[in-house]
Q: 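Before I ask anything, here is the structure I am working with.
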Protein chains: 2
Amino acid sequence: MKRSLENITHKEDTEQMARFAKALGHPTRIAILKHLGNQSCCFTGDLVDIFPLAQSTISQHLKELKNAGLIQGELNPPKIKYCINKENWKTAKALFQNFFESN
Amino acid sequence: MKRSLENITHKEDTEQMARFAKALGHPTRIAILKHLGNQSCCFTGDLVDIFPLAQSTISQHLKELKNAGLIQGELNPPKIKYCINKENWKTAKALFQNFFESN
DNA sequence: ATCGTCAATCGTACATTTACGATTGAAAAT
DNA sequence: ATTTTCAATCGTAAATGTACGATTGACGAT
């Protein structure tokens, strides 16, 4: 990537949707979200058991999902309980719905 | 990425959705698709005029969208006309709809 | 106070992405 | 036949992403 600073800007909706899409752009993360959808919530450890990936890798994926705003972590000592961020989920849903509808 | 060969597999739906999402994971590509949605079709050159990016960069983005199956190029010598791939668009729409609905 | 458990972060290796300019190839126009 | 035009591809540089094991930090339990 050249133009590292002088980068192109797009409409905020477009940028936001791209951020969501990027976070969804890995099968493990989709699978995590599907799991959260069923369970409503779960702990990192649960996921480490489900997926044949290192704990650090799961943690990294969770971080990306959190950064994108799709999930949130609640302290539940000594564990951390992850849930869908319903607020942003609604936003994402609307963005994608609107995007796909127009064709 | 270690495990380059012994990689994790997911359900086909999950993999497919991730492929679509990955292709949507860049604002320029979202913008291209939105443009195609309005225009129904367009030429690479049109996009080069619209976006402040090199021709080769646009071409690369188009290639990714084509690989993901979201667009298709029709020969229209001497130009190439790009359109939404309606078949796969429907598939993608359904995958995302279903995904977001379940929460 | 020490130990065990859980999850984040660090350091690292390698792959992939994103951008550019330059080159190539194919087809239309001269 | 030569030139022009359009878009793909090549080569390259830098950034990001994906995975691992090891370490750290926080907190409960012993």
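Every chain is numbered from 1 and lettered A, B, ... according to where its sequence line falls, protein lines coming before strand lines.
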Q: Would you mind reading off the distance between Leu47(B) atom CG and dA8(D) atom C1', rounded to a whole angstrom?
A: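 Taking CG of Leu47(B) and C1' of dA8(D), I get 15 Å after rounding.
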
Q: Output the rounded distance in Å from CD1 (Ile58(A)) to P (dA7(C)).
A: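 So the two atoms are 11 Å apart, to the nearest Å.
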
Q: Reckon His26(B) has a side-chain N or O less than 4.0 Å from the OP1 or OP2 of dA19(C)?
A: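 Affirmative; the distance criterion is met.
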
Q: So, OP1 or OP2 of dT17(C): does either fall under 4.0 Å of a side-chain N or O from His61(B)?
A: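 No.
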
Q: Which is it for Asp13(A) and Ile30(B) under the side-chain contact (heavy atoms from CB on, under 4.5 Å) test, yes or no, and what are the steps along the way?
A: CA-CA 10 Å; Asp13(A) 264 18; Ile30(B) 302 266; over 6 Å; no

Q: Would you kindly give the CG-to-C1' distance between Leu65(A) and dT18(D), to the nearest whole Å?
A: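 In whole Å, dT18(D) C1' and Leu65(A) CG are 14 Å from each other.
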
Q: Would you kindly compare Thr57(B) and Gln55(A) by the position of their nearest DNA chain D nucleotide and give the one closer to the 5′ end?
A: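 This one resolves to Thr57(B).
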
Q: Does Lys63(A) make a side-chain N or O approach to OP1 or OP2 of dA7(C) shorter than 4.0 Å?
A: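 Looking at the OP1 and OP2 atoms of dA7(C), neither is under 4.0 Å from any side-chain N or O of Lys63(A).
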
Q: Can you tell which of dA8(D), dG21(C), dC10(C) lies closest to the side chain of Ser56(A)?
A: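 Looking only at heavy atoms from C-beta outward on Ser56(A), the closest nucleotide is dC10(C).
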
Q: Nearest whole Å is fine: how far is dA7(D) P from Leu62(B) CG?
A: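 Spelled out: CG on Leu62(B) to P on dA7(D) is 9 Å.
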
Q: For Arg29(A) and for Asp46(B), locate the closest nucleotide of DNA chain D by heavy-atom distance; then report the residue assigned to the nucleotide nearer the 5' terminus.
A: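 First, find each residue's nearest nucleotide; the 5'-ward one identifies Asp46(B).
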
Q: Determine: side-chain N/O of Lys22(A) to OP1/OP2 of dG17(D), distance under 4.0 Å, yes or no.
A: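 Yes, within the criterion.
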
Q: Rounded to whole angstrom units, what separation is found between the CZ atom of Phe51(B) and the C1' atom of dA7(D)?
A: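 In whole Å, dA7(D) C1' lies 17 Å from Phe51(B) CZ.
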
Q: Atom CD1 in Ile71(A), atom CG in Leu62(A): separation rounded to 0.5 Å?
A: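 With rounding to 0.5 Å, CD1 (Ile71(A)) is 4.5 Å from CG (Leu62(A)).
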
Q: If the cut-off is 4.0 Å, is Ser59(B) near the phosphate of dA8(D), judged by side-chain N/O to OP1 or OP2?
A: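 The answer is yes; a side-chain N or O of Ser59(B) sits under 4.0 Å from OP1 or OP2.
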
Q: Once you measure the plane-to-plane angle for His10(A) and Phe51(B), does it fall in the parallel (<30°), tilted (30-60°) or perpendicular (>60°) bin?
A: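 Aromatic pair His10(A)/Phe51(B) classed tilted.
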
Q: Rounded to whole angstrom units, what separation is found between the CG atom of Leu53(A) and the P atom of dG21(D)?
A: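 Nearest whole value for this atom pair: 11 Å.
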
Q: Any donor-acceptor pair under 3.5 Å between the side chain of Gln60(A) and the base of dA19(D)?
A: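 Checked by distance alone, the answer is yes.
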
Q: Measuring from atom OG1 of Thr28(A) to atom CD of Glu64(A), what distance do you get when rounded to the nearest 0.5 angstrom?
A: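 Answer rounded to 0.5 Å: 11.0 Å.
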
Q: For Glu64(A), report the nucleic acid contact type (base, sugar-phosphate, nothing); a contact means any heavy atom under 4.0 Å.
A: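 Sugar-phosphate: the residue Glu64(A), judged by heavy atoms under 4.0 Å, touches backbone atoms but no base.
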
Q: Check the distance between dT9(D)'s P and Asn67(B)'s CG and give it to me in whole angstrom.
A: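 Rounded to whole Å, this separation is 9 Å.
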
Q: For Lys22(B) and Arg29(B), work out which heavy atoms get closest and say how close.
A: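 Smallest interatomic distance, heavy atoms only, reads O-NH2, 3.4 Å.
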
